[in-house]
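Working notes, structure below.
First listed ligand is number 1; within each ligand, the first listed atom is number 1.
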Amino acid sequence: MRSIRRALLVVIATAAALLASAGPASAHGGVVGADLRVAASLGERELTVIIRRVGAVPGPLRVDVVNHADSPGGTLRVAAAPQNNLPGAGNELRLTDGGGSAGTALDVDRIGAWELWVDDGRETARIPFVVPGDVTPAWERVTTGGYTAAGGLLLAALAAAAFGRWSWPPLVLGGGAAAAVVAAVTAGLLSSGLPVEAEIDPATGLPSTARTQAAARPHVDLLADAALVAGQRSPIDLRLVDGGTGRPVDDLVVHHDALVHLVVLGPGGQFAHLHPVRTAPGEFRVWFRPASGGEHRVHAELERWGGGVQLVDAAVPATGPAVPEPVAGGPGERDAGGMTARIEASDLVAGEPSVLAAEFGDGAPVRDLQPWLGMAGHLITAGPDGTLGHVHAMAGASAVTPDETVAAGGPRVEFVYTFATPGRHRLWFQVERDYRVVTVPVEVDVAASEDGS
Ligand SMILES: [Cu+2]
């Protein structure tokens, strides 16, 4: 009898030790249900719309809008509606002059595809987002269930051992607890061999395996329509058309905090980096004031769901006199938005990776740069043949948390880039400070490599 009790205690102690040591399975992803940041050039404003993760359905949807310093304050109306539905009245959101953040809470009552309607009184951006359903994978349910069962059985075994008349119930219960822990641990361990968690289908909000199955999506044709006049702000209408079916492209995913990144290069060397807003499926609009007459090239960077990043371009004419941009100058020190920027870009050779850096000061090293589009800095390059590159700052000592309201970046922002072709390249370094995007244009000469490429 005594030996049975001893065996019983060993079983219960083993189950308890297993339970204590196993710990929860590591959390997966973070993509699903994470905050969604979307840059939006709405009318005369450059905004960042932040759609916070939804905790429960039905439940509140928190929306914050960051206004930039050069955008005027004023009132926006924001509302949420399931896709293909018109929203209700929504809420007013007051933006202050000089940049800053304002927020409100809306309601969502179902999982699936939604649109956030942001209206400035003249234009309405319809930003797609997904309220995800329960996407707990099966192995995680087994693991969680196993631990829960083990805990319950262990308590029952202890109670039976303390108050029971027979020795076999605690033994059986303790053994059950041990088995539950083994099942939970096994499921947790096996999960590392399982395929990655399913993507969320943007149309339904439910898990889908389409991304892993789909081949690359067809090429997007960009159609641009505008009647631009130098010195005036007017709209550029962009239509995205599927190169295979001719239908509107409405499966863009937010990449680098925007649906579409648009770089406009003017005939005199002008540069603008904008984020057209989606006004209807496959249709985007951005307001733009060209400094010069002549042909402008618009380059759109976008990512289709289930496909890769695409860079597509189109031409838009502007009437008015041709105006050259001041010569950018080479590496070295220059004024940049109330700061000095020291640009390092030397020994550049085509085909070889180089480190390009910008270091900012205002008498002292600048340490309050804000992340823009989720990164410490951006570098756009244009080659002699017009090829565009978009480079992101390296994470390092100057890396900051990707939230625009946290100003802790700088003074140095570094990029690694390989110039494909020799010749004169134009660069634009972009950082944000005090809610103002500062652009530093530079011109560099890239040497041909020794082997002549
Ligand atoms: Cu962009």
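Look at R297 and D313 and you find a salt bridge, because one of the NZ, NE, NH1 or NH2 atoms lies within 4.0 Å of a carboxylate O, short of that distance. By the 4.0 Å N-to-carboxylate-O rule, D225 lies too far from R239 to be salt-bridged with it. With respect to D250 and R278, a salt bridge is recorded, a charged nitrogen being found less than 4.0 Å from a carboxylate O.
Of all the N, O or S atoms in H275, the one closest to the Cu ion (ligand 1) is NE2.
In this structure, R436 fails the cation-pi test against W372, since its NZ or CZ atom is not both closer than 6.0 Å to the six-membered ring centre and inside 45 degrees of the ring normal.
Note on H390: not counted as a metal contact of the Cu ion (ligand 1), no N/O/S atom lying under 2.8 Å. Metal site remark for the Cu ion (ligand 1): H261 contributes an N, O or S atom at a distance under 2.8 Å. Using a cut-off of 2.8 Å, one finds that H256 contributes no N/O/S atom close to the Cu ion (ligand 1).
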